[in-house]
S.K.: 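Handing you a structure now.
In what follows, every heavy atom counts, from backbone to side chain, and hydrogens, waters and symmetry copies are set aside. When a residue number appears, it is its place in the shown sequence, counting from 1.
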Amino acid sequence: MQKHKLSHVVASHVSSVLAFPKTPENWDSIISFFKGVGFTDTQLERILKIRPRLLSASLERTIQPKIAAFKDVGFSDNDIADIISKVPAVLHSSTNNKVVPALSLLRGMFGSNEEVTKVLRKSGWLLLTDLNKNMVPNVIFLKSCGISTEQITMIFKYLPRFFIFKQEVVRRCVEKVDEMGVDRRSKMFVYAVAIVGSMTNGTWELKLDAFRNILGFSEDDILRTVRQMPQTFSVSEDKIKKVKEVVLSTGKYDTSCFVRNPKLLMYSIEKRYKPRFEALGILESRGVIKKWPCLTILSKMTDDTFFDEFVAPYTNEVGDELS
């Protein structure tokens with residue numbers, strides 16, 4: 001372990017789990033193999049913190065076949081190290097029954113290793129799952145509902161766990177969204193299905209109550225939001241309260257803004273709302289603006305656009321206060 005300059009914390013953790021072998025060559029060969037295929041010390045230490053018993057595994061039977069499975073379909077050393085260091089359990093998953101079929105299915109769905117890597121960096125647990133059991137039938141079913149491959153891949157990146165739900169669960173979600181009047185031809189249909197599917201019935205009802213009680217949504221407002229911007233329902237109740245508090249504290253807007261445009265709930269409080277409200281408050285106090293912009297327009301602006309419209313023109317009047 002010292003030879004490979006692993007941190008004392010990691011070395012101690014491994015030693016507390018595994019008895020030091022009489023012949024440490026196996027440990028050495030495993031660590032050397034990982035370094036040889038491009039794993040950094042940080043990535044290797046992360047793996048050993050999570051799965052120290054990996055050092056007692058067979059290099060030839062357990063570890064090398066997983067790396068080979070990635071290499072055989074063209075993944076780079078950097079991508080392999082990145083994916084496996086995030087989900088080390090992949091190294092103990094079945095090569096032929098899980099890893100190889102999953103890589104094949106995902107490459108077929110996304111079309112390139114680059115896109116699959118993006119998915120696996122966030123959701124490497126997919127390689128631990130038999131995707132043929134539920135994902136494939138669910139994709140086939142969703143396509144039969146008129147949802148395009150492009151829409152399916154988009155929502156898969158957003159909510160991958162939805163696709164491994166039991167088939168009857170996905171069917172019930174589709175039925176529920178149908179009942180709420182979302183047109184299957186709409187691009188929002190698959191988002192509505194996935195958002196509904198991401199919550200239990202009880203959680204869904206609590207979320208609707210939050211929109212009713214905190215923001216004053218009517219039943220028609222809720223149905224319209226499900227049809228037009230279902231992603232809004234992924235916002236937590238805590239964030240709903242905080243966004244409302246920050247927006248209303250300006251004295252310039254009211255809750256009707258959220259009813260008209262629920263997407264306002266999805267923007268960052270710290271990175272978007274607070275800095276912009278502070279800047280507008282300074283400009284108003286100095287008398288250089290008399291009216292604040294519509295909240296929808298304000299929230300949709302890029303940082304560069306906001307700077308060009310509300311900072312750059314007033315630097316002489318306000319000086320460094322807007323910096």
S.K.: Is the centre of the F211 ring less than 6.0 Å from the centre of the F233 ring?
M.R.: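 Centroid distance F211-F233: below 6.0 Å, so yes.
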S.K.: Is there a side-chain contact between I155 and F162 (heavy atoms, below 4.5 Å)?
M.R.: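 A side-chain contact is absent here, since even the closest heavy-atom pair is not under 4.5 Å.
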S.K.: Between L120 and D82, is any pair of side-chain heavy atoms under 4.5 Å apart?
M.R.: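 The answer is no; the side chains never approach within 4.5 Å.
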S.K.: Yes or no on side-chain hydrogen bond (donor to acceptor under 3.5 Å, both in side chains) for S76 and N78, after CA distance, side-chain angles and deciding distance?
M.R.: CA-CA 5 Å; S76 70; N78 286 340; 5.4 Å; no
S.K.: Any donor and acceptor pair, going by atom type alone, linking the side chain of R227 with main-chain N or O of M180 inside 3.5 Å?
M.R.: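 Indeed, once roles are kept as given, a pair shorter than 3.5 Å links the two residues.
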S.K.: Please say whether more than 12 non-hydrogen atoms of neighbouring residues, nucleotides or ligands are located less than 6.0 Å from CD in E245.
M.R.: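 Atom CD in E245 is not crowded, with 12 or fewer foreign heavy atoms closer than 6.0 Å.
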S.K.: Flag yes if more than 12 heavy atoms outside K242 fall under 6.0 Å of its NZ atom; otherwise flag no.
M.R.: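 No, NZ of K242 has 12 or fewer neighbouring heavy atoms, counting only those of other groups under 6.0 Å.
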S.K.: Could you check if a side-chain atom of R272 sits within less than 4.5 angstrom of a side-chain atom of F306, using non-hydrogen atoms only?
M.R.: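 R272 vs F306: side chains apart.
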S.K.: Could you walk me through whether E115 and R107 pass salt bridge (charged side-chain N to carboxylate O under 4.0 Å, His left out), step by step?
M.R.: CA-CA 8 Å; E115 291 301 311; R107 287 182 80 238; over 6 Å; no
S.K.: Counting only heavy atoms not in E150 (residues, nucleotides, ligands), do more than 12 fall under 6.0 Å from its CD?
M.R.: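 It does not: E150 CD has 12 such atoms or fewer within range.
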S.K.: Ignoring hydrogens and angles, write down the donor-acceptor pairs under 3.5 Å from the side chains of residues 263-271, residues two or more places apart or on other chains.
M.R.:
| from | atom 1 | to | atom 2 | distance (Å) |
| --- | --- | --- | --- | --- |
| S268 | OG | E270 | N | 3.4 |
| S268 | OG | K271 | N | 3.0 |
| E270 | OE2 | K274 | NZ | 3.1 |

S.K.: Any non-hydrogen side-chain atom of K122 less than 4.5 Å from a side-chain atom of K118?
M.R.: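 The answer is no; the side chains never approach within 4.5 Å.
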S.K.: Should we count NZ of K157 as having more than 12 external heavy atoms under 6.0 Å?
M.R.: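 Correct, the count exceeds 12.
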S.K.: Are L91 and I30 grouped together when hydrophobic residues (ILVMFWY) are joined by side-chain heavy atoms under 4.5 angstrom apart?
M.R.: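 Result: yes, single cluster for both.
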S.K.: Is it true that the NZ or CZ of R276 lies under 6.0 Å from the centre of W292's six-membered ring and within 45 degrees of the ring axis?
M.R.: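 Cation-pi check for R276 and W292: fails.
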S.K.: Is there a side-chain contact between F217 and P262 in this structure, where contact means two heavy atoms from C-beta onward sitting under 4.5 Å apart?
M.R.: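 Touching, per the 4.5 Å side-chain cut-off.
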S.K.: Are a donor atom and an acceptor atom from the side chains of S236 and D238 found within less than 3.5 Å of each other?
M.R.: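 No.
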S.K.: Would a single hydrophobic cluster contain both L128 and V100, if residues Ile, Leu, Val, Met, Phe, Trp and Tyr are joined by side-chain heavy-atom contacts under 4.5 Å?
M.R.: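 Not linked; separate clusters.
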S.K.: Does the side chain of D221 come under 3.5 Å of the side chain of S218 through a donor N or O and an acceptor N or O?
M.R.: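 There is such a pair (donor and acceptor under 3.5 Å, judged by atom type) between the side chains of D221 and S218.
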S.K.: Is there a salt bridge (charged side-chain N to carboxylate O under 4.0 Å, His left out) between R172 and E168 once you walk through the steps?
M.R.: CA-CA 6 Å; R172 283 201 299 270; E168 56 268 28; 5.8 Å; no
S.K.: Ignoring hydrogens and angles, state whether a donor on the side chain of Q231 or S234 is under 3.5 Å from an acceptor on the partner side chain.
M.R.: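 Looking only at side-chain atoms, S234 and Q231 do not form any donor-acceptor pair under 3.5 Å.
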